[in-house]
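Scroll down for the structure; my scribbles are underneath it.
Reminder, nothing fancy here: chain letters follow the sequence lines and each chain counts from 1.
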Number of protein chains: 2
Amino acid sequence: MPKSTFYNLSNEKKERIFDAALQEFSIRTFSQASVNQIIKNAGIPKGSFYQYFNNKEDLYLYVIEVASKEKIELFNHVKGMDPDADVFEVITHTTREFLERGKVKPGYVEAAMLMEMDNSEITMKIRKSSTEKFVKMVERDKERGLIKPEVDSELVINMISTFSLHEYYRNGADKERYLKNLDDAIKIIKEGIAVCKD
Amino acid sequence: MPKSTFYNLSNEKKERIFDAALQEFSIRTFSQASVNQIIKNAGIPKGSFYQYFNNKEDLYLYVIEVASKEKIELFNHVKGMDPDADVFEVITHTTREFLERGKVKPGYVEAAMLMEMDNSEITMKIRKSSTEKFVKMVERDKERGLIKPEVDSELVINMISTFSLHEYYRNGADKERYLKNLDDAIKIIKEGIAVCKD
DNA sequence: TCATCACATGACCACCTGGTCACAAATAGA
DNA sequence: TCTATTTGTGACCAGGTGGTCATGTGATGA
């Protein structure tokens with residue numbers, strides 16, 4: 001965790017540092033990300049950086065923590081959502097909200113996606129906590145008779161999130177195409193592609 | 001491409017270098033992989049390395065090329081395969097063959113997976129050529145009346161391959177669990193998870 | 001006014017990176 | 001045997017990395 005000196009900083013400076021870090025972590029993975037680049041973007045001397053953070057990982061974890069808290073917050077406050085909506089509707093709706101947030105905060109979505117790629121213990125934990133809400137919704141939909149009871153709820157969510165991640169990555173700037181493919185994929189998972197035999 | 005000096009090398013030495021590279025690229029992405037580490041593992045001096053290859057990328061592309069050729073070869077010669085099998089059966093069968101190959105050649109599967117992560121132009125191209133066979137099989141299954149004609153064939157294959165990749169990564173050494181999850185995912189894609197309304 | 005203390009700063013460090021190059025050794029041809 | 005050409009070799013280079021630290025600065029309180 002950051003040192004007390006960091007928290008004592010003005011909000012403006014804190015934000016400047018955070019944004020610079022977010023930007024760097026949105027284009028490079030942890031090991032590739034450069035502290036020198038971050039301090040240059042933030043406009044602070046190197047010495048100051050190490051007065052605020054113990055090391056690069058310290059900053060990384062901080063960024064992850066803040067960003068994922070925001071993400072979870074976002075997931076919990078999906079506006080204008082029908083309370084009776086099924087998992088699929090909630091996921092597509094949330095994804096759209098998520099992308100909107102990225103328009104305001106540059107690097108926001110990209111960093112979150114890159115972190116998903118990362119398979120370190122911390123990110124695994126965070127990933128788990130952010131997906132469990134959806135897993136529970138699958139369970140609920142099973143009880144409501146919308147989803148076959150024998151399917152593995154976590155597997156379903158994993159399928160959607162891994163696809164979502166990759167698709168976002170591959171389509172880059174073309175958000176519309178990404179959303180369309182995600183919708184299609186979800187539809188497939190929901191209904192399958194096999195011709196009905198009944 | 002490697003220089004002529006490399007191809008003039010004895011098979012033993014060529015293989016030693018290739019294996020060392022494969023090992024390195026199986027645990028680190030291109031940018032993280034270290035030439036120094038590779039030459040140390042291969043037991044050749046630095047000067048020699050640059051007499052064989054123009055640079056790190058040159059070696060990387062060579063490894064990709066050889067490995068992907070092997071992979072495609074493997075995909076085209078699935079032994080003991082029912083010619084009437086549908087895409088799903090072929091995919092699961094091929095995946096198993098692929099994992100078997102990894103048991104003989106250490107780092108083989110891992111490197112292939114890491115390259116899938118890589119979104120550079122070359123790997124994109126290779127990925128496309130290795131998936132198109134499966135895409136065509138989906139099309140064939142559509143004609144056979146096994147798959148709904150309106151679904152996007154490429155999307156289906158993408159869904160499976162991205163999930164496969166991630167699942168392999170997350171489950172690490174537990175190949176059995178990986179294969180089970182892959183089977184389950186494919187079943188979901190095939191049949192869907194929604195309760196039938198008809 | 002002086003001492004204390006938190007913070008600011010950038011030169012500096014050891015280390016590692018991909019890549020070069022002058023030279024040594026070997027090989028081949030005459 | 002002499003020459004020409006190819007191949008082997010590791011010291012070396014510039015540049016980047018994460019991280020340190022002595023010193024400077026400015027505020028606070030006595």
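- The side chain of B:Tyr52 contributes an N or O atom lying less than 4.0 Å from OP1 or OP2 of D:dG8.
- Phosphate contact (OP1/OP2 of C:dT9, side-chain N/O of A:Ser48, threshold under 4.0 Å): present.
- Looking only at atom types and distance, the side chain of B:Tyr108 has no donor-acceptor partner in the side chain of B:Ser26 under 3.5 Å away.
- Contact annotation for A:Lys13: backbone-only contact, meaning every heavy-atom pair under 4.0 Å involves sugar-phosphate atoms and none involves a base.
- We find that CG of A:Asn54 is positioned 10 Å from P of D:dG19, with the value rounded to whole Å.
- With no hydrogens or angles considered, a side-chain donor-acceptor pair links B:Asn171 and B:Glu167 at under 3.5 Å.
- For C:dT17, the OP1/OP2 oxygens have a side-chain nitrogen or oxygen of B:Ser34 closer than 4.0 Å.
- Residues A:Gly47 and A:Gln37 each lie close to DNA chain D; by heavy-atom proximity, the contact nearer the 5' end of the strand is made by A:Gln37.
- Rounded to a whole Å, the CZ atom of B:Phe49 is 16 Å from the C1' atom of D:dT7.
- Put simply, B:Asn36 has no side-chain N or O that comes within less than 4.0 Å of OP1 or OP2 on C:dC16.
- With respect to A:Arg16 and A:Glu12, a salt bridge is recorded, a charged nitrogen being found less than 4.0 Å from a carboxylate O.
- Remark: C1' of C:dT17 and OH of B:Tyr60 are 18 Å apart, rounded to the nearest angstrom.
- Spacing between atom CD1 of A:Ile38 and atom C1' of D:dT17 amounts to 13 Å, rounded to whole angstrom units.
- Nucleotide D:dT17 holds its P atom 14 Å from the CD atom of B:Gln32, rounded to whole Å.
- Of all nucleotides listed (C:dG18, C:dA8, D:dG18), D:dG18 comes nearest to the side chain of A:Tyr50.
- Between B:Ile39 atom CD1 and D:dA11 atom P there is a gap of 12 Å when expressed in whole angstrom units.
- C:dA6 atom C1' lies 12 Å from atom CG of A:Leu9, rounded to whole Å.
- Between A:Lys105 and A:Glu70, none of the side-chain N atoms (NZ, or NE/NH1/NH2) sits under 4.0 Å from a carboxylate O, so this pair counts as no salt bridge.
- A donor-acceptor contact under 3.5 angstrom links the side-chain atoms of A:Lys46 to the base of D:dG18.
- You'll find that the side chain of B:Lys56 is closest to C:dG18, out of D:dG8, C:dG18, C:dA8.
- Regarding A:Gln51, its CD atom lies at a distance of 16 Å from the P atom of C:dC5, rounded to whole Å.
- A salt bridge does not link B:Lys180 with B:Asp174: none of the charged nitrogens is closer than 4.0 Å to a carboxylate oxygen.
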